[in-house]
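First the structure, in the form of structure tokens, and then the observations on it.
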Amino acid sequence: MNSYQWLLFDADNTLFDFDSAEEHTLTRTLLHFGLSPEKEVKQLYHQINDDLWKRYEKGEFSRERLTVRRFELFFESLGIQGDPKEWNDFYLQTLSQCAALLPGAEALCRRAAQKYTLALVTNGTPFVQRRRLELSPIGQFFGDRVFISEEMGCRKPEKIYFEKVLEALGVGNQRGKVLVIGDSLSSDIRGAFNAHLDSVWLHWPSAKAGAIQPTYEVENLAQLTEFLNAHRMLPMKPY
């Protein structure tokens, strides 16, 4: 059984309730620009946005280009006119105010910080992520150990991203004591695999298994808390 020292947490849908934040932000954005926030309209945005983020993780374009491009494609699909940069600026400003955490996230971080060194690893927009951390009660547990891909010139799941994080944390040859925790197989778990790090996949009910295998798997933050408290390996579910 490994004895871990550093925990590298993903932010969105691992600690922050990004689904509710995104829903609130998208609704406000649509209303602000005079578009009815109908279910079909939101689904269209999500399809476009999710596809672009997957392509971003593969290194096809920058995060800045992604956030504007999603609204360009959104307008084209709906056959409407708009300024994609203006929409994106409003969207991100609104999102930066949404700092709601998943149930149990604050208690998890508070307890984990007593035993481990916590770091945040995220591909999110820098000012949005930093503002949300400032507004939330968990920022104190991460201090300056916040690693945002755009500020580092690389992204999850690239190996170089995690190598830079390990260097900044002073891990040295102790990478066996590092644990990556996140909800995304394509970003967090693949990134841990690329960097030869152990990982915990936070497997939400809607998530589908993939080719990348995490070291451990939990289904909720309560299980994750139990795992971290006891340093106990939870058996992976069969695929």
Side-chain angles (χ1 to χ4, degrees), residues 2-16 18 53-64 66 99 101-102 105-106 108-134 136 138-202 210 212-218 221 224 227-228 231:
N2 276 349
S3 178
Y4 296 107
Q5 181 176 342
W6 294 274
L7 305 181
L8 310 187
F9 280 96
D10 172 51
D12 294 325
N13 284 337
T14 297
L15 297 175
F16 285 100
F18 186 76
W53 275 105
K54 290 176 182 177
R55 294 172 60 188
Y56 168 82
E57 291 173 1
K58 295 177 181 178
E60 293 186 20
F61 40 70
S62 69
R63 195 278 314 164
E64 184 176 6
L66 179 159
L101 299 171
L102 291 168
E106 179 182 358
L108 167 64
C109 290
R110 186 178 301 278
R111 182 168 295 182
Q114 297 174 4
K115 296 177 65 176
Y116 307 94
T117 298
L118 310 189
L120 200 72
V121 290
T122 174
N123 281 336
T125 303
F127 89 86
V128 172
Q129 300 300 65
R130 292 195 180 280
R131 180 56 177 158
R132 292 165 76 211
L133 268 178
E134 290 173 2
S136 81
I138 65 171
Q140 60 182 311
F141 305 120
F142 293 93
D144 62 353
R145 298 178 303 278
V146 177
F147 301 95
I148 302 177
S149 58
E150 189 171 331
E151 297 175 343
M152 300 170 66
C154 47
R155 69 201 78 185
K156 296 186 296 181
E158 294 172 348
K159 180 179 179 180
I160 185 61
Y161 172 89
F162 287 94
E163 295 294 344
K164 288 186 175 182
V165 171
L166 300 185
E167 181 179 2
L169 294 174
V171 171
N173 61 0
Q174 301 183 82
R175 68 176 56 224
K177 294 187 176 182
V178 177
L179 186 65
V180 179
I181 301 169
D183 70 299
S184 172
L185 284 177
S186 62
S187 177
D188 307 309
I189 308 308
R190 181 176 292 277
F193 177 83
N194 290 342
H196 306 293
L197 300 172
D198 285 355
S199 63
V200 175
W201 181 32
L202 188 53
I212 295 296
Q213 297 283 321
T215 313
Y216 313 108
E217 179 180 337
V218 297
L221 293 186
L224 179 58
F227 167 73
L228 294 177
H231 276 227

Could you pull out the closest heavy-atom pair between [X] and [Y], with the gap in Å?
| X | Y | value |
| --- | --- | --- |
| Phe162 | Asp188 | CZ-O, 4.3 Å |
| Leu101 | Ile138 | CD1-CG2, 3.6 Å |
| Trp6 | Gly170 | CZ2-O, 4.3 Å |
| Asp10 | Gly182 | CB-CA, 3.8 Å |
| Glu57 | Ser186 | OE1-OG, 2.8 Å |
| Tyr161 | Lys156 | CE2-CG, 3.4 Å |

Nearest 0.5 Å, please: how far is [atom2] in [Y] from [atom1] in [X]?
| X | Y | atom1 | atom2 | result |
| --- | --- | --- | --- | --- |
| Thr14 | Ile181 | OG1 | CD1 | 8.5 Å |
| Glu217 | Phe227 | CD | CZ | 12.0 Å |
| Arg130 | Thr122 | CZ | OG1 | 10.0 Å |
| Leu197 | Lys159 | CG | NZ | 9.5 Å |
| Thr117 | Phe142 | OG1 | CZ | 11.5 Å |
| Leu66 | Trp53 | CG | CH2 | 5.5 Å |

Donor-acceptor check, side chain of [X] to backbone of [Y], threshold 3.5 angstrom: yes or no?
| X | Y | answer |
| --- | --- | --- |
| Lys164 | Met152 | yes |
| Arg145 | Leu118 | yes |
| Asp198 | Leu179 | no |
| Thr125 | Phe127 | no |
| Thr215 | Ser199 | yes |

Once you measure the plane-to-plane angle for Tyr4 and Tyr216, does it fall in the parallel (<30°), tilted (30-60°) or perpendicular (>60°) bin?
perpendicular
I'd like to check [X] versus [Y] (side-chain heavy atoms, cut-off strictly below 4.5 Å). Are they in contact?
| X | Y | result |
| --- | --- | --- |
| Leu8 | Phe147 | no |
| Asp12 | Gln129 | yes |
| Lys115 | Leu228 | no |
| Leu224 | Phe9 | yes |
| Leu102 | Phe16 | no |
| Val146 | Leu133 | yes |

Counting only heavy atoms not in Glu60, do more than 12 fall under 6.0 Å of its CD?
yes
Do [X] and [Y] sit within salt-bridge range, that is, some charged N less than 4.0 Å from a carboxylate O?
| X | Y | result |
| --- | --- | --- |
| Arg63 | Glu151 | no |
| Glu134 | Arg131 | yes |
| Arg175 | Glu163 | yes |
| Glu106 | Arg110 | yes |

Tell me yes or no: between the side chains of Tyr56 and Ser187, is some donor less than 3.5 Å from an acceptor?
no
For the pair Leu202 and Leu221, evaluate side-chain contact (heavy atoms from CB on, under 4.5 Å) and give the outcome as yes or no after the intermediate values.
CA-CA 8 Å; Leu202 188 53; Leu221 293 186; 3.8 Å; yes
Val218 vs Trp201, side-chain contact (heavy atoms from CB on, under 4.5 Å): CA-CA, chis, key distance, verdict
CA-CA 6 Å; Val218 297; Trp201 181 32; over 6 Å; no
Walk me through whether Arg132 and Phe18 qualify under side-chain contact (heavy atoms from CB on, under 4.5 Å).
CA-CA 11 Å; Arg132 292 165 76 211; Phe18 186 76; 4.0 Å; yes
Any residue meeting side chain to side chain contact (heavy atoms under 4.5 Å, CB included) with Arg190, in chain and number order, not counting sequence neighbours
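Testing Arg190 for side chain to side chain contact (heavy atoms under 4.5 Å, CB included), a comparison that skips the adjacent residues, returns Pro157, Asn194, Ile212.
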Does the side-chain contact (heavy atoms from CB on, under 4.5 Å) test come out yes or no for Leu15 and Leu120, once each step is laid out?
CA-CA 10 Å; Leu15 297 175; Leu120 200 72; 4.0 Å; yes
